[in-house]
Amino acid sequence: MCIGQVGNLLPHVTLSANLAQHLMPAWGLSAAEGGLMASGYAFGYMLAVPVLTTLTDRIDARIVLLCGSIVSGLATVAFGLFAQGFWSGTIIWSVAGLGFAGAYMPGLKALTDRLPAGDTSRAVTLYTSSFSVGVGLSFLVAQVLADRWGWRAAFGVTGVGPIAMVIACLLVEGRRPVPKTGRLLNFAPVFANREALGYIFGYGAHCFELYGIRTWLVGFWTFVVAHQGAPSWLTPVLMSFCFAVISMPASILGNEAALKFGRHRAITVVMMASACVAIVIGFNASAPAWVVAALLMIYGLTVPADSGALTAGMSAAAVSEHRGATLALHSTVGFGLSALGAWGTGLALDAAGGPQSARGWLLVFIVLAGGILLGPLALLWARMVRLQKQPS
């Protein structure tokens with residue numbers, strides 16, 4: 001399942017990886033338009049995931065996973081073939097996100113349905129952290145192909161990646177959930193679960209920061225290279241790949257820290273540290289390239305370190321018969337704020353001078369820091385509600 005997810009993620013940041021260097025110049029897009037087009041993926045995901053993930057409480061999640069993987073791959077190939085500008089690109093990329101809505105959380109549901117009883121925290125963390133490997137390969141392959149053969153070739157090749165999950169689905173045994181009646185989109189039991197809601201809202205803050213930096217990482221490093229200079233080997237391709245790949249050990253270690261010190265405490269420390277690093281990067285956007293590179297690698301550790309713990313906490317807090325609906329809300333909030341993160345940072349960049357302005361990048365990182373600091377507030381709110389309900 002983890003190998004299949006890496007294949008499913010090969011298209012994931014193909015647009016973001018080529019946005020600043022290829023798509024924006026070719027189509028004459030502003031940073032706000034580029035961010036909005038990138039956010040189409042998360043927006044399509046947000047619209048589809050409540051239905052597709054909740055559906056896994058009624059049918060085998062493997063079926064949803066199979067169909068979603070196929071749609072994601074075909075839409076990515078279609079972008080390379082047919083996208084001609086902002087509107088066509090945004091629409092096609094939104095369809096790709098819609099397909100991924102049937103591929104990520106339904107994949108987690110298909111996995112957890114087949115795990116033995118007991119603590120599934122490490123298995124869930126391995127699955128969520130393999131996300132980072134897939135994103136790293138997406139950054140690497142998309143940029144290398146675009147630089148050599150053009151951005152259309154990058155979309156065509158990365159769109160083949162989801163075949164790996166199609167094969168995984170065909171190899172996994174079928175498993176039907178317990179028959180269930182009632183409304184499909186019934187989130188009332190999830191909203192009544194305040195412990196799960198804390199992790200869900202915290203995940204939203206995490207996604208805002210994560211998608212914001214992934215959308216503009218290549219553009220930011222291009223700015224650094226142009227204004228501060230950098231060794232020839234320290235390319236946007238290498239920086240974005242390393243930033244994504246180190247997310248996997250960071251997420252695993254973050255979850256281990258959560259198991260040892262408590263999830264709320266560990267997640268809060270990581271989020272506050274991430275906000276601090278973002279502010280430091282923003283104020284040092286014009287520093288020597290090696291300083292910015294070191295800060296970005298630290299940021300590459302803090303940004304994803306809360307991911308596995310948040311998803312594992314949500315999964316553990318979910319009531320078993322409503323796990324599909326809980327996963328659906330988790331993803332809806334997460335990717336809804338992902339879309340806002342990509343667009344909001346683009347707006348900030350335009351408002352403060354554009355991609356060639358240090359002030360623009362300072363505002364981008366201030367916005368990212370403000371977004372992630374909402375996470376500890378969500379966890380504090382959930383903890384306070386739980387304490388109020390405990391008998392005195």
Side-chain angles (χ1 to χ4, degrees), residues 2 105 108-109 111-112 115-132 189-210 246-279 298-320 322-323 325-327 329-334 337 368-392:
C2 291
M105 280 299 168
L108 179 60
K109 179 68 158 53
L111 175 65
T112 55
L115 292 173
D119 185 14
T120 62
S121 177
R122 288 189 173 91
V124 170
T125 298
L126 182 61
Y127 179 84
T128 55
S129 59
S130 66
F131 197 107
S132 305
V190 185
F191 282 110
N193 187 344
R194 298 300 178 122
E195 183 179 0
L197 278 182
Y199 291 115
I200 289 170
F201 294 146
Y203 181 70
H206 159 79
C207 288
F208 179 94
E209 179 188 39
L210 179 65
I246 61 175
S247 296
M248 184 173 188
S251 182
I252 293 173
L253 291 173
N255 184 66
E256 292 299 317
L259 292 174
K260 183 173 183 179
F261 301 110
R263 282 198 179 100
H264 278 212
R265 182 181 293 111
I267 293 169
T268 297
V269 169
V270 166
M271 287 179 166
M272 294 180 70
S274 195
C276 291
V277 176
I279 294 294
I298 296 172
Y299 199 42
L301 293 172
T302 61
V303 169
D306 53 2
S307 175
L310 285 163
T311 304
M314 174 276 302
S315 184
V319 180
S320 58
H322 302 297
R323 181 169 285 117
T326 307
L327 288 169
L329 186 62
H330 187 74
S331 272
T332 302
V333 171
L337 286 171
L368 293 175
I372 193 60
L373 285 176
L374 295 176
L377 294 178
L379 294 177
L380 179 63
W381 167 79
R383 186 163 61 249
M384 289 176 64
V385 170
R386 189 172 69 247
L387 290 173
Q388 289 172 0
K389 289 187 175 182
Q390 291 179 352
S392 58

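One-based numbering along the sequence shown.
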Worked verdict on H330 versus L108 for side-chain contact (heavy atoms from CB on, under 4.5 Å): CA-CA 12 Å; H330 187 74; L108 179 60; over 6 Å; no

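Partners of P189 under the side-chain contact (heavy atoms from CB on, under 4.5 Å) rule, at least two apart in sequence or in another chain, are N186, H322. Every residue meeting the side-chain contact (heavy atoms from CB on, under 4.5 Å) condition with F208, not counting sequence neighbours, appears here in chain and number order: L337, L340, V367. With sequence neighbours excluded, the residues satisfying side-chain contact (heavy atoms from CB on, under 4.5 Å) with S307 are H206, S251. Partners of S274 by side-chain contact (heavy atoms from CB on, under 4.5 Å), not counting sequence neighbours, listed by chain and number: E209, Y299, T302, V303.
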Using atom types as modelled, flag every donor-acceptor pair under 3.5 Å from a side chain in residues 368-380 to any protein atom, sequence neighbours excluded.
none

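Atom SG in C276 sits 12.0 Å away from atom CD1 in I298 (nearest 0.5 Å). Interatomic distance, K260 NZ to L253 CG, rounded to the nearest 0.5 Å: 12.0 Å. Taking CD1 from I267 and OH from Y199, the interatomic distance works out to 5.5 Å, rounded to the nearest 0.5 Å. Separation of atoms CE (M105) and CG (L111) is listed at 11.5 Å; rounding is to 0.5 Å. To the nearest 0.5 Å, atoms OG1 (T332) and CD1 (I200) are separated by 9.0 Å.
The minimum heavy-atom distance between A309 and N255, with the atom names listed, is CA-OD1, 3.7 Å. Across all their heavy atoms, G202 and M271 have their closest contact at O-CE, 3.4 Å. Between L329 and L197, the closest heavy-atom pair is CD2-CD2, 3.8 Å. For A316 against R263, the heavy-atom pair with the smallest separation is CB-NH1, 4.3 Å. For the pair A250 and L301, the tightest heavy-atom approach, listed with the atom from each and the gap, is CB-O, 3.4 Å.
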